[in-house]
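Remarks on the structure that follows.
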Amino acid sequence: MKHVKQNLPAILLFIVALVIWEGTVRLLSIQKFLLPAPSVIWTSFRENFDRLTYIGWFTTREALGGFAIGCSTGILVALATSRWTLASETLMPFAIAANSVPIIAFAPILNNWFGIDNPLSKMMIVAVIVFFPMMINTVRGLTLIDPAALELMRSYAASEFTILRKLRLPNALPYMFNAFKVAATLSMIGAVVSEYFGGNRSALGVFITQEAAQFRFQNSWAAIIIACVVGLVFYLVILGLERLAIPWHSSLRAQQS
Amino acid sequence: MSVVALSNVNMTFNSSSANKTVALKEINLTIEPGEFISLIGPSGCGKSTLLRLVGDLIKPTAGDILVNGKSAHQARLDQDYGMVFQAPVLFEWRSIIKNVMLPLELRGYSRTDQQKRARELLALVELNGFENHYPWQLSGGMQQRAAIARALAIQPKLLLMDEPFGALDEMTREYMNLELHKIWQETQTTIIFVTHSIPEAVFLSTRIVVMSARPGEILHITNVDLPVPRGEHTREEAAYFETETEVREWLRAAKQK
Ligand SMILES: Nc1ncnc2c1ncn2[C@@H]1O[C@H](COP(=O)(O)OP(=O)(O)OP(=O)(O)O)[C@@H](O)[C@H]1O
Ligand SMILES: [Mg+2]
């Protein structure tokens, strides 16, 4: 009940926006290929439901696979380099620079390496995209530590491994969840956009471009909405996991009690 | 064998750079088992630095530090001391009881023993009922009491306490002074105690070390000849007032230097 009340303004705004959209398109009789009305998109959605869910799931798997590969290597590299301060200090500027490179531009090359039809080529693009924010944030979380907390652990003569387990990792969790949230959004965008450069016939991005090429824009729109919904759900799942994993963190305290 | 022996200890921070700070100069101090030593002196005179040196959390620029007849480094590895820092340094992801259990956990105590001991200590510092709270749900003084409980957990033979009662109100402070006095007597722990409060230093100590403003030097050592056990009555004895006056005068001299 509380949630409904909290989100009521957002829901209302959403409905109002839909109504305005529908109304404007009808009143000004805007061409379907410029902007289809929500009702038209909805019809397309119902008519193509089976195909849309099939290709939606196909691309979601690519996003999930890339997310898993990219995040896990990002965390592993962060763990390895933060162990040796010199290594992480040498690597960090490169990682930060690489993070601002539009990696999606490499999509055609990775398509070529792994095979354009192969979902692995898209997973690798997604993996490379999410790798850098994941690694950078994890290194920050592992190294930005209250010096007094480190002194406390040293006063217990704790080993580096114990310090990692009891101090560095818990300290890194909030940073890592921030990276997971960014990565969740990026992975769906990365998967769909990389499919624009060609891919399997049952991929969401391929469907969007092909339907658009044949002026069936309402179908493209329906597919785009699927991509949005999947991205949103992915993000919300991470948000939920974050609440379970780090309820103590200051960003989540206000929502408690 | 003395518990702590400092000979010709010097500490200079950033010695090579322009903002070099001579924190401690030619410190010579020997502390015998069972002593209660208070360090008192103007802010920034190097009291915390001295505790850190004894705890081997920093290395002296020159001089020798022996703890229990060993090098300070070896004593730290043997976990010969417990430390209460100037800030509580509680881990925000651990509940209060889990924070107190940390040193016991690192020493491999069984879970039930950890909990039993932590509960006893929390009762001692009057934090029963707050076991499952998180640090941020406690006031500054309560957090500091939790930190004291944590330092007592491993029953160290040497306790280094950096202004542990600085954040407490007068009544709680007097209560904690009494409790600390009892603990000191019962456990025969050697305690080095940093404070800004003259009454507190006189009430607790066997000797009071007055330090001069930076660069920190030992200006004077006052012997406190008050019988133990001490209690409410101690604060009414003539010797108590005499010692207080003596320390106050030396402290005044320390500030003027
Ligand atoms: N890590 C450090 N790097 C550089 N300078 C330091 C460092 N730690 C302490 N100092 C300097 O050494 C001097 C003594 O500091 P210290 O913290 O020991 O003072 P203190 O006597 O504990 O003061 P207070 O009563 O305010 O706690 C100060 O001038 C401080 O600036
Ligand atoms: Mg200090």
Side-chain angles (χ1 to χ4, degrees), chain A residues 75 78-79 82 85 137-181 238-257, chain B residues 48-49 51-59 67 70 72-96 98-109 132-138 143 146-147 150-151 153-154 156 158-162:
Chain A
I75 293 169
L79 282 174
S82 70
T85 327
N137 276 287
T138 310
V139 167
R140 284 205 181 116
L142 291 172
T143 49
L144 286 183
I145 292 189
D146 176 11
L150 278 173
E151 285 197 334
L152 179 75
M153 292 305 275
R154 288 193 45 215
S155 81
Y156 297 141
S159 67
E160 270 302 320
F161 182 64
T162 307
I163 294 177
L164 178 70
R165 266 191 325 146
K166 303 281 181 194
L167 176 57
R168 289 189 193 276
L169 276 177
N171 188 72
L173 278 180
Y175 294 84
M176 287 163 73
F177 269 102
N178 274 339
F180 284 142
K181 282 187 254 175
I238 304 280
L239 218 57
L241 288 177
E242 183 184 36
R243 281 193 189 196
L244 288 180
I246 51 168
W248 44 264
H249 190 245
S250 51
S251 64
L252 297 172
R253 282 173 204 164
Q255 295 156 22
Q256 288 184 341
S257 77
Chain B
S48 298
T49 304
L51 279 198
R52 282 208 168 80
L53 284 168
V54 174
D56 184 48
L57 299 173
I58 49 175
K59 309 271 181 220
V67 177
K70 309 171 253 194
H73 181 68
Q74 190 56 45
R76 176 171 67 81
L77 296 186
D78 295 347
Q79 296 178 57
D80 281 359
Y81 70 87
M83 183 133 181
V84 180
F85 293 87
Q86 202 163 350
V89 203
L90 299 169
F91 290 177
E92 59 172 341
W93 49 88
R94 282 174 169 254
S95 60
I96 292 301
K98 286 260 177 69
N99 265 292
V100 176
M101 283 157 62
L102 177 68
L104 303 167
E105 197 177 305
L106 297 182
R107 286 198 164 188
Y109 282 55
N132 296 317
H133 283 61
Y134 281 84
W136 47 274
Q137 294 171 314
L138 267 56
Q143 293 182 19
R150 183 183 57 194
I154 51 170
L158 171 63
L159 249 183
L160 309 174
M161 307 181 88
D162 197 348

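Computed from a predicted structure; not experimentally measured. The chains referred to below are lettered A, B, ... by the order of the sequence lines, with proteins before strands, and numbering in each begins at 1.
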Please flag which part of B:L102 lies under 4.5 Å from any non-hydrogen atom of chain A: side chain, backbone, both or neither. side chain
Nearest non-hydrogen partners of A:W248 and B:W136, listed with the distance: O-NE1, 3.5 Å
B:P135, B:P103, B:S95, B:G55: which one forms the most heavy-atom pairs within less than 4.5 Å of chain A? B:P103
Compare every heavy atom of A:A149 with every heavy atom of B:F91, then report the nearest pair and how far apart it is. CE2-CB, 3.8 Å
Name the region of B:R107, side chain, backbone, both or neither, that has any atom closer than 4.5 Å to a heavy atom of chain A. neither
In a table with atom names and distances, give each donor-acceptor pair under 3.5 Å that connects a side chain of residues 163-170 of chain A to protein atoms at least two apart or in another chain.
unit_1: A:K166; atom_1: NZ; unit_2: B:E105; atom_2: OE2; d: 2.4
unit_1: A:R168; atom_1: NH1; unit_2: A:L142; atom_2: O; d: 2.8

Could you look at B:L106 and say if it's the side chain, the backbone, both or neither that has a heavy atom under 4.5 Å from chain A? side chain
Against chain A, work out which of B:Y134, B:F85, B:Y81 has the most heavy-atom pairs shorter than 4.5 Å and name it. B:F85
What verdict does the side-chain contact (heavy atoms from CB on, under 4.5 Å) test give for A:E151 and B:V89, after you've listed the backbone C-alpha separation in whole Å, the side-chain angles of each residue and the deciding distance to 0.1 Å? CA-CA 10 Å; A:E151 285 197 334; B:V89 203; over 6 Å; no
Within 6.0 angstrom of B:K98 NZ, more than 12 heavy atoms from elsewhere: no
At a 4.5 Å cut-off on heavy atoms, which part of A:T162 comes close to chain B: side chain, backbone, both, or neither? side chain
Given 3.5 Å as the limit, does a donor-acceptor pair link the side chain of A:R154 with the main chain of B:D56, or not? yes
Are A:N171 and B:W93 side-chain neighbours, meaning at least one heavy-atom pair lies under 4.5 Å? yes
Non-hydrogen atoms of B:Q79 and A:A157 that approach each other most closely: CG-CB, 4.0 Å
